[in-house]
Every structure is written in C-alpha cells, then in structure tokens.
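For reference, the structure discussed in these notes is given below.
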Amino acid sequence: MRVLYFAWVRERIGSAEEEVDPPPEVDTIAALISWLAVRSAGHAAALADCDRLRAARDEEFVPLQTAIAGAREIAIFPPVTGG
Amino acid sequence: MRVLYFAWVRERIGSAEEEVDPPPEVDTIAALISWLAVRSAGHAAALADCDRLRAARDEEFVPLQTAIAGAREIAIFPPVTGG
Amino acid sequence: MIRVVVTSAPIVLADELAMAEQSGALATFTGMVRADDGVTELMLEHYPGATERALEALARVAFQRWSLSGATIVHRVGSMVPGDRIVFVATSAAHRAAALEACAFLIDRLKTDAPFWKRERLGDRHRWVEPRKSDDASAAQWQL
Amino acid sequence: MIRVVVTSAPIVLADELAMAEQSGALATFTGMVRADDGVTELMLEHYPGATERALEALARVAFQRWSLSGATIVHRVGSMVPGDRIVFVATSAAHRAAALEACAFLIDRLKTDAPFWKRERLGDRHRWVEPRKSDDASAAQWQL
C-alpha cells in the first residue's frame, strides 16, 4: 500500500511517500497513523496529533475511522487551505 | 418648471419633455400628474394610473407626495427595469 | 477607486477587468441580453445625469459598507442584440465575503435604484419590460 | 460546460473570461496573493489527481443545483508572489441569482473540499497557513 504525505506532514517526515505493508490488525487510517508514528522521530512529530490530520483513500477525502482494506493509496495531510 | 417623461410615459405623451407653469394649488408631484393628465388624450393614457408611475425631483428619486415648490425639473416614468 | 460608466458602446470584459482594482478578492457580475420569447433587440432608455448620480451613490454605499478597495459599474444604453452585455459590476476587497456580497448588492440594487427602462423587440412589435417582484424582493433584502 | 484546470502557469483573466460560458448572467471570483504580514512568496502544494477530482465533483454539484450553463474553476499551484492570482471561478446561468450563488458556493467549498495547502514565506522563514474557522463556517452553510 502506498502512503502519501502533504504539507507539514511531508516536511516533518522528510518524505512525500512510502510503500508500507501494515499487519492485519492495522485496519483503519487512524490505526495506520499510530502504526506509522513510531517509524522515526520525524514520523512521530508529524503524526502525533490525529486532530490536526485529515486523510484520503484512493484520492477521496474520508474520515480517519475509514477501513484501509483494499486501498491502493492512503494520503495523510493537514486540513486543507486552498482557494 | 421642466417636466421629463421616460419609457412608455414618454411614448404615450409623444414628447420627452415640456415646460409647464402649474398654478399654486398644484403643490405635489401627484397633483402635477393629475393636472398634466387633462392636457391631451396621450397625457391621459400615460398618466391615468399613479400606481404605475414613479418620479424624480431634480434627478433624485422621490415619492409622488413630494412637494414641487422650488424644483427645476420633475421626471415622471414607469418603475425602472435596468440591470 | 469608484468607476461608473453609462455608455452606448459595447462592454469589453478584458478592458474592464484590466481597469478594475484587484486586491485580494475580486468579484464580478456580467448581465447579457437573452433571446427569451424570441427577443431580437433590446433598447435601453435612461435618464442622463440622474443615472450616473444613482449609480455613483450606490457604489459609494457599497464602498463604505464593505470597505472595498474598488467598485466598478458599467451599464450600456441604447440598442442591443441577444448576447450583448448590458451591465458589468466589479468589486474588490481584502477578503472574499466582502467582494462577493458587495457585488450581489450592487446588481440587486441597481435594478431598482437606477433610472433605466428596457424595451424588447420581438419581430415587428415591441414591449416595455415589466419590473419583476423578485427584483424588488432581492433589492429589499439589503437593509441600508 | 464544466472546465477545471490546476496549473502552475499564471491565470490570465481575459483568456479565462473569453473561454467562460456566457448566457444571461456571468459571475466570477478571483482570489489573489496578499502581502499581509510581509508575505513575500506563497507556495501552493496540492495532491495531483485528487485535486482535479475534488474540483470536478464540486463543479458538477453546482452545475446541477443551480442549472448552470457553465462552471469554470482554475487554481494555480507552485510559487506565487503578492498580486498573483491564485484562483478563478466563473459561473454562468440564465438568471443572476443562480450565477451569483453558485460562484459563492464554489469558492467557499473549494477552500474546504480540495487538497491544496498554502505555505507563506516571510523573508527567510516560512510557515504553513492554518485553516480559518470562518472558512469552515462559510463552507458549512451550503447544505448538500
């Protein structure tokens, strides 16, 4: 599964994307975020506070409680600020 | 005093403006309209129904009850339809 | 900056936009002649002098109420055909809500507050356009 | 007609207007980079693919809800300086209320529904723009 990072999430992690293979008990985006957070100090800094994070599953905005089974691509990012 | 007519008021009267000198008892725009209405069949057709008329005094929209004393120019016209 | 123009010349959007103040947020509205019911020509009559005065008063009200950096009103008069632009309004402000609201205010209010009259031609007959109740309602919602 | 463009090229208003559908009423909104607090550069990051998808979905919603004849969204990405245009929205409909409302809807909703992130540069430091509560409130007023 591919995980994409944007904005300050990307900056803190130091990478725009990574390929991951989470274990079966990591079943939602929220669980995926907790699982990713221990990978590095950068991951921890980026992913510590779920309240400041939003996500997309296969290019579609979804709540963090969304299941990840079958997803090709999960994106994790701060609240958007376009327009 | 100059009286201006616009739109179908102008068309029915057959003239865009005229100079008039109403007697002192013709003191408001509504009274002026009644006084003008008897001038010709065209005036009567144009000025019969006060509900369908609006007016300006010296280029400023005003109610028909407005006094005409001291006015240079009174305009009489249908409700506006610009934009 | 306030710009009010009443003209019989066509309204060129690119030119108007180039002249419009642009600071943060710019909202515009353009009204065009529709070919409803087989209308072939629209004649716009106005009250020279009073028209400019009414539009300038309206623009000044919007300018202050929404702290605009720019307000433009261009209204065409005379003979037009379907597709021609009748009116262009542009408002500019630091933030979008002010620009969008002021633009809607100006177009709603100029329909009831400025001395213009529309006459439609349909083939060989013509008719004066009746004011719409919905226009009065739209204008009335902007308390002054 | 729906037109959605995400581009790193400057937004040219005259070109966009020439392409926008114009039928009866045309409303536009243009957002520009402000030099607030000494901002010298704005960097717009986005999520390629998802961005276009979100904007097209939004344009389709507006198109149906207000029976539009045209909806255009052009959003710039990459590096910009104060005065540069970030976003252009145009909506066209038979009547003005539909065009004006749909235009306000699109700009309000794209601020919360499309994956863009703004980073401001102030001299030699930079900061990510925080979302504004007022943007959420503006977007939420448009019930779907």
Side-chain angles (χ1 to χ4, degrees), chain A residues 1-20 28-30 32-33 36-37 41-83, chain D residues 4 6 11 29-34 42-58 73-78 80 85-89 103-120 125-136 138-139:
Chain A
M1 174 184 301
R2 189 157 53 150
V3 183
L4 305 184
Y5 305 117
F6 292 101
W8 54 254
V9 175
R10 172 184 55 70
E11 280 191 338
R12 290 180 190 175
I13 289 174
S15 167
E17 65 175 271
E18 51 190 328
E19 279 293 326
V20 301
T28 64
I29 296 173
L32 178 68
I33 288 171
L36 290 165
H43 284 79
L47 305 174
D49 184 0
C50 266
D51 282 353
R52 300 190 65 207
L53 298 175
R54 301 290 181 271
R57 186 198 144 118
D58 292 337
E59 299 196 348
E60 202 110 27
F61 283 37
V62 293
L64 300 189
Q65 287 66 43
T66 304
I68 60 173
R72 274 182 307 98
E73 180 177 291
I74 300 292
I76 302 169
F77 44 79
V80 302
T81 56
Chain D
V4 167
V6 178
I11 298 173
F29 177 83
T30 309
M32 284 147 280
V33 181
R34 289 193 311 271
L42 188 74
M43 174 67 73
L44 241 301
E45 181 169 333
H46 77 126
Y47 181 178
T51 315
E52 288 81 352
R53 200 166 155 158
L55 297 181
E56 272 155 27
L58 217 45
I73 303 174
V74 182
H75 205 298
R76 193 167 169 195
V77 293
M80 282 162 261
R85 298 180 190 103
I86 306 172
V87 61
F88 172 81
V89 169
C103 183
F105 165 85
L106 286 178
I107 188 66
D108 280 349
R109 288 296 295 263
L110 79 75
K111 286 193 175 258
T112 58
D113 290 16
F116 293 105
W117 298 273
K118 287 191 182 116
R119 199 186 70 183
E120 295 174 336
R125 64 199 179 81
H126 76 240
R127 67 179 181 204
W128 290 93
V129 172
E130 288 291 318
R132 291 203 264 140
K133 283 222 164 49
S134 62
D135 286 342
D136 287 339
S138 295

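What's counted below: heavy atoms across the whole structure, side chains too, no hydrogens, waters or symmetry copies. Chain letters run A, B, ... following the sequence lines, proteins first and then strands; every chain starts at 1.
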Any chance you could lay out the side chain to side chain contact (heavy atoms under 4.5 Å, CB included) test for D:Tyr47 and A:Leu4, step after step, and finish with the verdict?
CA-CA 9 Å; D:Tyr47 181 178; A:Leu4 305 184; 3.4 Å; yes
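- Under a 3.5 Å cut-off, the side chain of A:Trp8 and the backbone N or O of D:Trp128 do not form any donor-acceptor pair.
- A:Ala7 touches chain D through backbone and side chain together, each having a heavy atom under 4.5 Å away.
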Applying side chain to side chain contact (heavy atoms under 4.5 Å, CB included) to A:Glu59 and D:Glu52, what does each step give before you reach the verdict?
CA-CA 10 Å; A:Glu59 299 196 348; D:Glu52 288 81 352; over 6 Å; no
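- Interface remark: A:Arg52 contributes side-chain atoms only to the contact with chain D (heavy atom separation under 4.5 Å).
- Between A:Phe6 and D:His46, the shortest heavy-atom distance links the atoms CE2-O, 3.3 Å.
- Taking CD of D:Glu45 as the start and CZ of A:Arg10 as the end, the distance is 4.0 Å to the nearest 0.5 Å.
- Nearest heavy-atom pair, A:Gly83 versus D:Val87, reported as atom, atom and distance to 0.1 Å: C-CG1, 3.7 Å.
- Closest approach of A:Thr81 and D:Lys118 over heavy atoms only: OG1-N, 2.9 Å.
- Considering every non-hydrogen atom in both D:Asp113 and A:Val80, the closest pair reads N-CG2, 4.4 Å.
- The closest side-chain heavy-atom distance from A:Pro79 to D:Trp117 is not below 4.5 Å.
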